[in-house]
Amino acid sequence: MKILLVQPAKPEKAMGGEDFSIFEPLALEYLAAGVAGDHDVRILDMRLDPDLDGVLGKFQPEVVGITAYTVHVNTVKRLFEHIKAFNPGIITVAGGHHATILPEDFYTPFIDVIVAGEGVFAFREVILRLEKNLALAEIPGAVGLENGAVVIRRNDQDLDLDALPFPRRDLTAVYRPSYFSEWMRPLASIRTSKGCHFRCQFCALWKLTGGRYLTRKPERIVEELSAIQEKYVFFADDESLLDTERMGVLADLIQKAGIDKRFFLYGRSDTIARYPDLLEKWKKAGLERVFVGLEAMRDADLKLIRKGSTVENNLSALRILKELDIDIWPMFLVRPDFNRRDFADLRQYCLSLDLPFIGFSVLTPLPGTDLYDEVKDQLITANYDYFDFFHTLLPTTLPAPDFYRELANLFKRSRSLKNQLRLMGKYRLRDLPSLLRAYGGLMARLKNLAEDYAV
């Protein structure tokens, strides 16, 4: 069969996303690996190539699968409608994070199959049955809908990550030079674990595995890393460092195998503070950058969102990473109820941290999170195009235009000029113009976001 897998672009109204980083569509490469041995599979990354019509016309796929986070839902539904208009006989399959959390958002006449959960084996079964003209409703975990569509639910709590095939990165070869995160380019991605032990109020990822932390064997990870061509590698985990013993073994095996790469991963501040020797080992193995969710400058705020860490842990983690000369990507949450003093205090706190980069995201009640369940009746918009971590979904204490101006000031004034220049020094000269354009566009849009809701 001819199978087209599509990575959608963010909606025009959304901010961030591919303006600042484009990670390879690892989920689609995994799906492809499950069926590509017996079928003609192609991947279209619409963040880099928007010509869906051209691919539909030349390739003439029999099946089209599209993945979606929450911010993509409206875009993906329109894409499926367009695909059915092109050829009503194409079997359309929706999957990804949002389909797992709220599959009912894809109950439309234009979608034939919805996969909720890890999709590799479910998608393989769908293709097998389509090829043999067997009923999809008989797939384990499948439920038929009134419109004839099928929802396939898979429980990921007992998922064996090592049973998954290696992703088919060859199917994104044309795009691979364009995958990046800031100066790290070209950038490959690899998954080494799934899930998290913690119960953060704003996160749904721990729920997908029932609070379990699923891991791959270090030997399998090293085998996959050995076949990756890119210098930079992002660990596309929900959290990478939780199993400290396993991560120590992995760092040792990477060095033993002579793998010379630069790694970027997620790490909790309490883990970093408690295991500085592990970070030192990873520095020797090639760790260049760590994403750390600091979230707040006060313990009371960390407790409110059930982060399970402390400000002291945050400061200890930053000190350890600085001493090891590991680049830090810290992130703070901006709550809609911030007043001017809250913004001013956070700005001064960030300046005191003396960091070249600091990121901010508006506290966003994503579907599937405990936060969403607690505040869904207060949402000022249900338009998924705005679920981008920049638009506030809740009423603000400040007038909305003032809130966004203060948010823009956080990005502009939370670092010294010296630190901003330090960050720019990491980029290739040819990349600086695009960086400055993206940053300037972000600042301009932030100041005017209050107008979006009136459109």
Side-chain angles (χ1 to χ4, degrees), residues 1-8 25 27-46 52-68 72-73 76-100 102-156 158-160 163-168 170-172:
M1 299 188 74
K2 289 186 174 183
I3 303 166
L4 177 64
L5 302 175
V6 179
Q7 175 67 47
L28 298 184
E29 293 168 345
Y30 268 113
L31 285 183
V35 296
D38 302 308
H39 302 278
D40 187 0
V41 184
R42 297 189 186 181
I43 293 177
L44 173 65
D45 194 332
M46 294 189 69
L52 175 62
D53 284 346
V55 175
L56 291 175
K58 292 178 182 178
F59 184 46
Q60 295 289 321
E62 299 162 84
V63 179
V64 177
I66 309 181
T67 186
H72 298 121
V73 170
V76 167
K77 289 162 75 172
R78 286 193 295 269
L79 287 174
F80 278 127
E81 183 175 5
H82 183 80
I83 290 164
K84 283 292 191 181
F86 173 84
N87 179 359
I90 292 175
I91 302 300
T92 50
V93 184
H97 177 81
H98 194 89
T100 299
L102 278 178
E104 54 267 36
D105 277 339
F106 295 102
Y107 292 2
T108 81
F110 312 107
I111 300 175
D112 300 308
V113 182
I114 303 158
V115 178
E118 191 70 42
V120 173
F121 301 121
F123 188 67
R124 179 188 293 173
E125 185 71 13
V126 166
I127 298 303
L128 177 65
R129 286 177 175 268
L130 288 174
E131 187 180 30
K132 296 181 177 181
N133 291 316
L134 298 175
L136 297 182
E138 294 179 4
I139 295 175
V143 176
L145 303 179
E146 290 184 2
N147 66 356
V150 174
V151 180
I152 305 170
R153 298 179 185 269
R154 290 295 166 94
N155 186 342
D156 292 346
D158 298 314
L159 177 68
D160 180 4
L164 298 174
F166 286 172
R168 285 292 301 267
D170 58 303
L171 297 178
T172 54

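Excluded from the calculations below are hydrogen atoms, water molecules and symmetry mates; all remaining heavy atoms, backbone and side chain alike, are included. Everything numeric here is computed off the predicted structure, so don't read it as measured data. Quick note: residue numbers are just sequence positions, from 1.
- Residues Thr67 and Pro25 are not in side-chain contact: their nearest non-hydrogen atoms beyond the backbone lie 4.5 Å or more apart.
- Distance CG/Leu134 to CG/Leu128: 7.0 Å, rounded to 0.5 Å.
- Of the listed residues (Val6, Thr92, Ile91, Ile111), just one forms a side-chain contact (heavy atoms from CB on, under 4.5 Å) with Ile83, and that residue is Thr92.
- Here the side chains of Tyr107 and Val151 are in contact, with some heavy-atom distance below 4.5 Å.
- Between Ala163 and Phe121, the shortest heavy-atom distance links the atoms O-CZ, 3.6 Å.
- The shortest side-chain heavy-atom distance between Glu62 and Leu130 does not fall under the 4.5 Å cut-off.
- Considering all non-hydrogen atoms of both residues, Thr100 and Gly96 come closest at OG1-O, 2.9 Å.
- For the pair Ala99 and Ala116, the tightest heavy-atom approach, listed with the atom from each and the gap, is O-CB, 3.5 Å.
- For Ala27, the side-chain contact (heavy atoms from CB on, under 4.5 Å) test picks out no residue, with sequence neighbours left out.
- Here the NZ atom belonging to Lys2 is positioned 14.0 Å from the NE2 atom belonging to His39, to the nearest 0.5 angstrom.
- Interatomic distance, CG of Leu159 versus CG of Leu164, reported as 5.5 Å (0.5 Å rounding).
- Shown here for Val41 and Ala32, the closest heavy-atom pair between the two residues is CG1-CB, 3.9 Å.
- By the side-chain contact (heavy atoms from CB on, under 4.5 Å) test, Asp158 is found to be paired with Arg212, residues two or more places apart in sequence or in another chain being considered.
- Within the structure, every pair that satisfies the side chain to side chain donor-acceptor pair (under 3.5 Å) test and touches residues 118-139, not counting sequence neighbours, is listed here: Glu118-Arg191, Glu125-Arg129.
- In this structure, the side chains of Glu29 and Thr172 come closer than 4.5 Å at one or more pairs of heavy atoms.
- Side-chain contact between His72 and Leu79 is absent, with no heavy atoms from C-beta onward closer than 4.5 Å.
- Smallest separation of non-hydrogen atoms from Val120 and Gly34: CG1-CA, 4.3 Å.
- Using a 4.5 Å heavy-atom threshold, the side chains of Pro103 and Arg153 count as touching.
- Separation of atoms CZ (Phe123) and CD1 (Ile152) is listed at 10.0 Å; rounding is to 0.5 Å.
- A donor-acceptor distance shorter than 3.5 angstrom exists from the side chain of Lys84 to the backbone of Ile90, with no hydrogens or angles considered.
- Leu4 places a side-chain heavy atom less than 4.5 Å from the side chain of Leu44.
- Nearest approach of Pro165 to Tyr30, heavy atoms of both residues: O-CE2, 3.1 Å.
- The CD1 atom of Ile3 sits 9.5 Å away from atom CG of Leu31, with the distance rounded to the nearest 0.5 Å.
- Atom CE of Met1 is separated from atom CD1 of Ile127 by 5.5 Å, given to the nearest 0.5 angstrom.
- Counting heavy atoms from C-beta on, the side chains of Thr108 and Phe80 never come closer than 4.5 Å.
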